[in-house]
Amino acid sequence: MQRIKKLPRAFYERPDVTLIARELIGKVLVTRIGGEYTSGRIVETEAYAGQIDRASHAFGGRRTDRTEVMYGRGGTAYVYLCYGIHHLFNVVTHEADTPHAVLIRGIEPLEGMEVMLRRTGKVFGDKSLGRGPGNVSVALGIRTTLTGASLLGNDIYIAEDAFVFAPEDIVASPRIGVDYAGEDALLPYRFSVRGHAHVSKAPRAARTSDS
DNA sequence: ATACCGATTAACT
DNA sequence: GTTAATCGGTATA
């Protein structure tokens, strides 16, 4: 394992969720599920700004059993099931009672490749491994049972190493699959590494000027 | 108890 | 570009 440092609580508790989403690009997401260590470098994220964001599950201050963890401290995992099959992993940010979150949409596989290939059923070299939030969770073994877990623990956490992407290669664009959010669907809250193979391809309607 | 819908994906035409 | 798959979350009654 290379030299990496787990992100501290203070990273997550800051108030600017879009800044955090941008800064998470290039960081390393690590899981230890069933004793198996896997990791990947984050290349695509989306920010969800809580009460004031129509695309957020917590819009208007809505609180349900599912969304309760979003109201916890920054540095908590929020995992929920989408379309009945996809486990989507989010990072809760800001302080308690402010339900901001960042969806992790893409990773470049780093460690535990054999485990990830077994979990996904893909072959080595398949660039769709880790591309798209559902695939990220399959590769890393993330399931809804992890919701509420602390990102300062050992089962799942985010760390940084010496690697950084060039700032000009990190681009903002509208979020995917949030057409129901009205004007908020147009906000440039999605961050990705320009041209990276593990960034999901945006549907035409949500695409920006790139390619 | 029931009905509708989704922060998706893969496989189509 | 279109669509089926699939089932928990949420609202409504």
Side-chain angles (χ1 to χ4, degrees), chain A residues 12 17-18 20-22 24-25 29 40 42-72 74 76-94 98-107 109 116-117 119-123 125-148 151 156 158 172-192 197-208 211:
Chain A
Y12 303 106
V17 67
T18 59
I20 294 172
R22 179 183 284 271
L24 282 174
I25 301 290
L29 176 57
I42 297 168
V43 297
E44 183 180 357
T45 63
E46 282 180 0
Y48 287 84
Q51 292 103 323
I52 61 166
D53 182 355
R54 281 199 166 282
S56 171
H57 292 165
F59 174 68
R62 189 170 48 158
R63 271 182 118 118
T64 66
D65 287 346
R66 178 179 67 156
T67 62
E68 188 59 33
V69 300
M70 293 182 78
Y71 292 82
T76 303
Y78 171 45
V79 186
Y80 73 95
L81 194 61
C82 186
Y83 288 89
I85 37 186
H86 305 296
H87 299 248
L88 304 206
F89 169 67
N90 300 251
V91 175
V92 175
T93 70
H94 212 305
T98 305
H100 289 186
V102 176
L103 171 67
I104 306 302
R105 293 187 52 89
I107 60 161
M116 292 191 276
L117 293 178
R119 286 171 178 158
T120 59
K122 297 179 188 296
V123 298
D126 187 337
K127 295 295 190 265
S128 72
L129 195 159
R131 183 170 63 203
N135 289 329
V136 168
S137 291
V138 174
L140 295 178
I142 297 169
R143 292 184 291 146
T144 56
T145 50
L146 270 179
T147 201
L151 297 180
I156 182 167
I158 300 173
S173 55
R175 294 169 292 186
I176 307 299
V178 296
D179 298 341
Y180 59 85
E183 295 181 0
D184 290 345
L186 303 176
L187 294 169
Y189 281 5
R190 171 175 175 248
F191 300 93
S192 59
H198 291 87
V199 170
S200 62
K201 199 173 65 173
R204 189 177 252 303
R207 195 176 299 187
T208 47
S211 93

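Note that the structure is predicted; figures quoted are calculated from it, not measured. Residue numbering restarts at 1 for every chain, and letters A, B, ... go by the order of the sequence lines.
Taking atom CZ on A:R143 and atom C1' on C:dG8, their separation rounds to 15 Å, with Å as the unit. Between A:N90 atom CG and B:dG6 atom C1' there is a gap of 14 Å when expressed in whole angstrom units. Taking atom OH on A:Y78 and atom P on C:dG9, their separation rounds to 9 Å, with Å as the unit. In this structure, A:L129 atom CG and B:dT9 atom P are separated by 13 Å, rounded to whole Å. If you measure from atom CD1 of A:I142 to atom C1' of B:dA7, you get 15 Å, rounded to the nearest angstrom. The OH atom of A:Y83 sits 14 Å away from the P atom of B:dA10 (whole-angstrom rounding). Following rounding to the nearest Å, A:D179 (CG) and C:dT2 (P) show an atom-to-atom distance of 13 Å.
With hydrogens and angles left out, the side-chain atoms of A:T64 and A:T67 include a donor and acceptor closer than 3.5 Å.
Checking the phosphate oxygens (OP1, OP2) of C:dG9, no side-chain nitrogen or oxygen of A:T64 falls inside 4.0 Å. In this structure, A:R105 reaches the B:dT8 phosphate: one of its side-chain N or O atoms is under 4.0 Å from OP1 or OP2. Within the 4.0 Å cut-off from OP1 or OP2 of B:dA10, not a single side-chain nitrogen or oxygen of A:K201 is found.
Side-chain proximity of A:N135 to the nucleotides B:dA10, B:dA7, C:dA5 is greatest for B:dA10. In the set C:dA11, B:dA10, B:dA7, B:dA7 carries the atom at the smallest distance from any side-chain atom of A:Y180. Side-chain proximity of A:R66 to C:dT10, B:dT9, C:dT6: nearest is C:dT10. Closest approach to the A:R62 side chain among C:dT10, B:dA10, B:dA7 is made by C:dT10 (side chain taken as heavy atoms from C-beta onward).
Heavy-atom contacts from other residues, nucleotides or ligands closer than 6.0 Å to CZ of A:R54 number 12 or fewer.
Two residues are said to be in side-chain contact when any heavy atoms from C-beta on lie closer than 4.5 Å; A:E44 and A:H198 fail this criterion. With a 4.5 Å cut-off on side-chain heavy atoms, A:R190 and A:S200 count as touching. Under the 4.5 Å side-chain criterion, counting only non-hydrogen atoms from C-beta, A:L103 is in contact with A:L88.
Among the protein residues, A:L81 comes within range of the sugar-phosphate backbone only, with heavy atoms under 4.0 Å from sugar or phosphate atoms but none that close to a base. Nucleic acid contact for A:T67: sugar-phosphate only, since backbone atoms but no base atoms lie under 4.0 Å from a heavy atom of the residue.
Taking the 5.5 Å centre cut-off and the 30° plane limit, the aromatic side chain of A:Y80 is not classed as stacked on C:dG9.
Scanning atom types as modelled, one donor and one acceptor separated by under 3.5 angstrom connect the side chain of A:H57 and the base of B:dA7.
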